[in-house]
Amino acid sequence: MTTVLFVHGTGVREPGYSGSLERIREGLAAVRPDVTVAPCHWGGSAGSALRADGLSVPGYGTGRAAPGEEDPEAGDVEFWGLLYVDPLLELRLLAPESGARAELAPGAAPAGEALTAAALALARDEVLRGLLDAAGIGGEFAAAVAAVVTSPDGRDFLRSPAAPGEPDALARAFVAEAVRRTAARGPAALDGTARDAAVARIAALLPGDAAGSHRGPVTRRVGRLAGRLVLGLASAQAVRRRSALTDAAHPAAGDVLLYLARGEAIREAVAAAVRAARPPVVVLAHSLGGIASLDLLVLRELPEVRLLVTVGSQAPFLYELGALPSLEYGAPLPAHVPPWINVYDRRDLLSYVGAGLFPGRVRDVAVDGRQPFPMAHSAYWGNPELYRLLAAELP
């Protein structure tokens, strides 16, 4: 009687593992009642854990930052977090506050024209150029200014009565857009102090009502509104909830890091489960479990394993990166590795294909769980396609 050994992926703990195991048993029972499904819950014995009860995490267990780490500037930090995602957000929120356009004196130019002309000349200021270069965003600043002032939101703001009283808002939009463009080329190392110095210089160079600038009543209302928009994405809330977020996230991330640093314990847990199972054994391994199972079968000859089925696994990707622990890129699979079927879902962004990397040694099979990512990564166990495949392939 064939034994299907279910090896779970990263971050799985009880009762989640038992739930998935039961789902697999039900799915296989409907198509191959002769098969036994056996557990391999390595996460309980060899998975990552906070072994010092969170001593490395500031404020762990209190729901607060560590003593002395309260952040009086959290609101400003959150506001910038929104601007980095949407540099025009503040301008868009400010313009409706103004109502109708202001009346102009005969012969007077609209304030927006003067602001636009001054904005396009900002890059000529040597002091500002030095601040922008120090902040690492000088190369994108001129393009950022042009993009903001020519955008529909930027033009609406510049034509509004709010514009002369809010040069800081325009300055923040320029800097946020420059940061966004710089970050598109790679990680942006931008210190908040350097950023604020650049904003202050820009605001000083722009024509406007200085008395009404720098976080006036309108801008403060915008900041409060924007803060409500960010809700759970706000890093200040993340700091306050750091203990809960750590508890939720560390098993998944920790298992990956632990395996890549010291994966022998996880591989040994899989090997022990193989030895305890009645042969012939089929290893059905999900995600990180697929990586560990492939590594185990590369490193050891286990003739009782007749078939490896990886599901939503990153093993081919790690191999291509040169990061698969058991096999350097370019090295072939050893002859003793059993037949390998690799199941993937195009909607699962954590699943990869291996046939092009291991010609003739792995068969990729696509399924469609009709779920968006990240749900697609765990939708395999409810997909009848998977069990029809297994029914035909199991010895």
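Since this is a predicted model, take the numbers as computed values, not measurements.
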Side-chain ion pair, [X] and [Y], N-O less than 4.0 Å:
X      : Y      : answer
Arg92  : Asp156 : no
Arg23  : Glu26  : no
Glu268 : Arg275 : yes
Arg346 : Asp368 : no

Do [X] and [Y] have side chains that approach each other closer than 4.5 Å (heavy atoms only, starting at C-beta)?
X      : Y      : value
Val365 : Ile341 : yes
Thr2   : Asp34  : no
Val12  : Ser20  : no
Leu308 : Leu294 : yes
Leu350 : Phe373 : yes

* Ser287 side-chain N/O to Gly289 backbone N/O, donor-acceptor pair under 3.5 Å -> no
* To do: State whether the side chain of Tyr259 and the backbone N or O of Ala265 hold a donor-acceptor pair below 3.5 Å, judged by distance alone.
  => no
Over all heavy atoms of both residues, which pair between [X] and [Y] is shortest? Give the atoms and the distance, please.
X      : Y      : result
Trp340 : Thr310 : NE1-OG1, 2.8 Å
Gly254 : Ser48  : C-OG, 3.3 Å
Arg201 : Leu131 : CB-CD1, 3.7 Å
Ala273 : Pro39  : CB-O, 4.1 Å
Leu258 : Gly47  : CD2-C, 3.8 Å
Pro316 : Leu357 : O-CD1, 3.3 Å

* **side chain to side chain contact (heavy atoms under 4.5 Å, CB included) evaluation trace for Leu327 with Tyr319** => CA-CA 7 Å; Leu327 203 64; Tyr319 174 77; 3.8 Å; yes
* Asked: With sequence neighbours excluded, what pairs up with Asp364 under the salt bridge (Lys or Arg N to Asp or Glu O under 4.0 Å) test?
  ->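 Salt bridge (Lys or Arg N to Asp or Glu O under 4.0 Å) check on Asp364 returns nothing, list empty.
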Atom [atom1] in [X], atom [atom2] in [Y]: separation rounded to 0.5 Å?
X      : Y      : atom1 : atom2 : result
Ser151 : Leu91  : OG    : CG    : 7.5 Å
Ser18  : Arg25  : OG    : CZ    : 8.5 Å
Ile266 : Thr10  : CD1   : OG1   : 8.0 Å
Tyr17  : His8   : OH    : NE2   : 6.5 Å
Phe174 : Leu128 : CZ    : CG    : 10.5 Å
Arg180 : Leu88  : CZ    : CG    : 9.0 Å

* Fit a plane to each ring of His377 and Tyr380, take the angle between them on a 0 to 90° scale, and name the class: parallel (under 30°), tilted (30 to 60°) or perpendicular (over 60°). =>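 Taking Tyr380 first and then His377, their aromatic rings stand perpendicular (interplane angle over 60°).
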* To do: Would you check if the distance from the ring center of Phe6 to the ring center of Trp381 is below 6.0 Å?
  =>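 That pair passes the under 6.0 Å test.
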* Asked: Checking salt bridge (Lys or Arg N to Asp or Glu O under 4.0 Å) for the pair Glu113/Arg159: CA distance, chi angles, key distance, verdict?
  -> CA-CA 8 Å; Glu113 292 184 9; Arg159 289 195 296 262; over 6 Å; no
Would a hydrophobic clustering, with Ile, Leu, Val, Met, Phe, Trp and Tyr connected at side-chain separations under 4.5 Å, put [X] with [Y]?
X      : Y      : value
Val309 : Val7   : no
Leu21  : Leu386 : yes
Trp42  : Val282 : no
Val179 : Leu122 : yes
Leu28  : Val343 : yes

[X] atom [atom1]: more than 12 heavy-atom contacts under 6.0 Å:
X      : atom1 : value
Arg300 : CZ    : yes
Glu14  : CD    : yes
Tyr329 : OH    : no

* Return yes if a side-chain donor-acceptor contact under 3.5 Å exists between Arg32 and Tyr387, otherwise no. =>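 Arg32 vs Tyr387: no donor-acceptor pair found between side chains.
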* Looking at residues at least two apart in the chain, or sitting in another chain, which of them share a side chain to side chain donor-acceptor pair (under 3.5 Å) with Arg306? -> none
* Structure fact -> Applying side chain to side chain donor-acceptor pair (under 3.5 Å) to Ser326 and not counting sequence neighbours gives Asp295
* Please lay out, stage by stage, how Gln314 and Ile291 fare under the test side chain to side chain contact (heavy atoms under 4.5 Å, CB included). => CA-CA 7 Å; Gln314 305 83 46; Ile291 297 171; 3.6 Å; yes
* List the steps, then state whether side chain to side chain donor-acceptor pair (under 3.5 Å) holds for Ser351 with Asp345. => CA-CA 7 Å; Ser351 67; Asp345 186 330; over 6 Å; no
* Does the pair Arg13 and Asp255 meet the rule for a salt bridge (Lys or Arg N to Asp or Glu O under 4.0 Å), with working shown? -> CA-CA 11 Å; Arg13 303 291 186 267; Asp255 284 352; 2.8 Å; yes
